[in-house]
Protein chains: 4
Amino acid sequence: MAQRGVNKVILVGNLGQEPETRYLPSGGAVTNISIATSETWKDKNSGQMQERTEWHRVVFFNRLAEIAGEYLKKGTKVYIEGALRTRKWQDQSGSDRYTTEIVASEMQMLDSRGGAGGGSDDGFSGYDQMPEARGSAPAPAASSSAPSPSPAGSDFEDDIPF
Amino acid sequence: MAQRGVNKVILVGNLGQEPETRYLPSGGAVTNISIATSETWKDKNSGQMQERTEWHRVVFFNRLAEIAGEYLKKGTKVYIEGALRTRKWQDQSGSDRYTTEIVASEMQMLDSRGGAGGGSDDGFSGYDQMPEARGSAPAPAASSSAPSPSPAGSDFEDDIPF
Amino acid sequence: MAQRGVNKVILVGNLGQEPETRYLPSGGAVTNISIATSETWKDKNSGQMQERTEWHRVVFFNRLAEIAGEYLKKGTKVYIEGALRTRKWQDQSGSDRYTTEIVASEMQMLDSRGGAGGGSDDGFSGYDQMPEARGSAPAPAASSSAPSPSPAGSDFEDDIPF
Amino acid sequence: MAQRGVNKVILVGNLGQEPETRYLPSGGAVTNISIATSETWKDKNSGQMQERTEWHRVVFFNRLAEIAGEYLKKGTKVYIEGALRTRKWQDQSGSDRYTTEIVASEMQMLDSRGGAGGGSDDGFSGYDQMPEARGSAPAPAASSSAPSPSPAGSDFEDDIPF
DNA sequence: TTTT
DNA sequence: TTTT
């Protein structure tokens with residue numbers, strides 16, 4: 001609820017594999033995806049182009065997890081906003097391990113209309129059925145949620161500007 | 001509630017004057033502040049240092065507006081997260097004018113404890129009483145709100161990592 | 001070169017019209033685009049869905065301006081990173097007017113490869129020919145430029161992690 | 001130099017300990033810091049306030065590394081902008097480990113004037129001597145660098161707006 | 001109008 | 001003026 005400091009991550013990348021959704025004892029959904037970003041540069045010594053791909057583990061909770069699990073696919077390009085979280089866990093030998101993930105609070109699909117006019121027999125056509133959403137807490141039985149910046153009431157007229 | 005595209009602004013700057021709070025007919029608070037950011041560079045021709053200050057109009061609604069109106073002061077350094085909104089209005093001659101503002105959805109005071117050891121007889125000491133908050137909609141009688149990134153439930157233990 | 005405070009804008013939206021490129025006396029290119037972001041919400045009173053579209057003026061300089069002018073088209077979805085700048089100008093009656101723009105420092109095209117394997121007879125296939133770039137200053141005869149986050153040298157091996 | 005996708009992190013937090021600077025064989029500086037962000041929330045079941053602190057490993061290269069090593073101290077509040085990078089390394093038993101860090105590309109000190117009028121006998125008074133900077137690549141012998149958004153040339157007059 |  |  002309250003934040004001290006700022007912990008914000010913004011990613012745009014493509015899913016490297018299908019999302020994985022599981023359910024907590026509380027019933028809340030948890031979906032994990034892995035998305036890639038990459039950078040290329042020319043090596044100063046060899047003059048050769050180099051490429052480096054970074055993989056990001058992203059986790060969604062609750063309603064966002066359900067949406068992500070349903071609409072995201074391997075290869076989908078997504079915009080993700082979230083926060084860094086490093087989890088501690090034990091490997092088989094009992095020693096501590098740490099994994100850093102992005103806990104998503106917002107997601108938007110960036111691919112256009114489900115594939116150039118063809119196919120998509122599940123009827124999903126891009127932005128029509130929930131391809132964007134705001135997150136909520138992974139707390140037990142938490143509901144989805146989502147307010148914020150948001151529309152001006154009738155007290156503030158807002159027209160097309162320029 | 002739903003966003004198509006991303007419209008995000010992040011600012012860190014100082015208030016140029018005292019915040020101004022007013023109330024809508026609905027009872028909701030609206031606070032305006034103006035904050036400065038600046039950049040300096042060396043002019044290529046003259047070799048002289050140049051400075052340019054940018055002023056940003058920021059508007060808060062509802063609960064955030066009350067907090068901003070109460071805790072921010074002229075000179076305060078703040079972190080603001082919000083969205084761009086261009087409002088249309090008419091000047092005295094009836095011609096259209098446009099003003100672009102940042103509708104704040106999150107705010108954090110960045111100054112440390114209440115001001116150089118002196119005064120501050122209201123007992124406010126920096127981070128102790130609400131110096132950070134999340135926004136909600138300027139809709140009539142909207143409540144404050146605030147979900148997001150958020151705490152891990154007991155299903156995910158999270159300790160100090162390194 | 002030096003920044004006091006933070007002045008950052010992140011946008012993802014579609015161009016409402018073709019980019020407009022012009023050249024400064026110095027020879028530097030300047031490209032303007034207008035991109036839309038929108039939000040929808042259910043009105044509390046009427047229960048009706050509402051939509052509000054926000055239009056953002058974005059300006060590119062120099063190399064980025066050339067790339068934007070060449071590759072962006074009406075309808076293109078783009079990621080933009082930049083800074084807010086409010087310009088003062090005089091209208092025909094000589095009175096002061098202000099226009100707020102986003103001075104782009106980074107741009108990425110988000111549309112996928114010109115349509116699922118078909119067509120695209122101009123040979124442009126998405127990411128292959130410059131659809132992303134970093135900006136530089138609008139200073140006279142400024143060159144393009146662009147370092148930052150960046151690749152790890154051989155001192156830091158970086159492989160695929162998970 | 002070129003980015004495919006977006007990999008951006010924005011942090012505001014305090015250093016948990018003194019920065020650690022070392023030098024690569026190439027002569028380039030590398031500074032590591034650890035900064036904390038935290039969030040508090042009320043537990044739904046117990047009604048108790050909970051707090052969770054997240055620690056972020058941040059690494060600076062070259063010129064930024066020198067500045068960070070010189071000016072940042074334990075407790076300093078900083079704004080960091082950077083990119084996520086997961087490094088692979090081997091522990092003593094030879095098994096693979098991964099560490100995720102933020103490679104800083106921009107840094108700003110947010111603490112005000114060196115301590116409320118008192119002390120600071122090194123003469124450092126906040127923003128006067130390099131408390132903000134942009135990063136460059138960790139490549140061998142890389143120089144510092146860094147342009148971007150940036151000042152308008154004389155072709156664009158930019159005055160105080162409102 | 002801030003801040004350095 | 002875009003997009004869904």
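Letters A, B, ... are given to chains in the order of the sequence lines, protein chains preceding strands, and every chain is numbered from 1. All heavy atoms count here, side chains included; hydrogens, waters and symmetry mates do not.
- With centres under 5.5 Å and a plane angle under 30°, the ring of B:W55 is stacked against the base of E:dT1.
- Look at CD on C:Q3: it is 13 Å from C1' on E:dT3, rounded to the nearest Å.
- Closest to the side chain of B:S38, out of F:dT2, E:dT1, E:dT3, is E:dT3.
- For the pair A:V6/D:I10, a side-chain contact is recorded, criterion being any heavy-atom separation below 4.5 Å from C-beta on.
- Looking at residues 11-20 of chain C, you'll see C:N14, C:L15, C:G16, C:Q17 sit with a heavy atom under 4.0 Å from some atom of DNA chain F.
- Between B:D111 atom CG and E:dT3 atom P the separation is 10 Å, expressed in whole Å.
- If you take CD1 of B:I33 and C1' of E:dT1, they are 12 Å apart, rounded to a whole angstrom.
- Between B:E54 and C:R85 no salt bridge is recorded (no basic side-chain N to carboxylate O distance below 4.0 Å).
- Side-chain N/O atoms of B:H56 and B:S34 include no donor and acceptor closer than 3.5 Å.
- B:I35 has its CD1 atom 11 Å from the C1' atom of E:dT3, to the nearest Å.
- Counting distance only, with no hydrogens placed and no angle test, the side-chain atoms of B:T53 and the base atoms of E:dT3 include no donor-acceptor pair under 3.5 Å.
- Distance, C:E51 CD to F:dT2 P: 12 Å, rounded to whole Å.
- The side chain of B:S34 lies closest to E:dT1 when the candidates are E:dT1, F:dT2, F:dT1.
- In this structure, the OH atom of B:Y98 is 12 Å from the P atom of F:dT1, given to the nearest Å.
- B:E70 meets the salt bridge (Lys or Arg N to Asp or Glu O under 4.0 Å) test with no other residue; sequence neighbours excluded.
- Counting only N and O atoms by type, the side chains of B:T99 and B:W89 include a donor and acceptor under 3.5 Å apart.
- Between C:D111 and C:K77 there is no salt bridge, since no side-chain nitrogen of the basic residue lies less than 4.0 Å from a carboxylate oxygen of the acidic one.
- Using a 4.5 Å heavy-atom threshold, the side chains of C:R52 and C:W41 count as touching.
- For the pair B:M109 CE and E:dT3 C1', the interatomic distance rounds to 15 Å; values are reported in whole Å.
- When rounded to the nearest whole Å, the span between CG of B:L110 and C1' of E:dT3 equals 13 Å.
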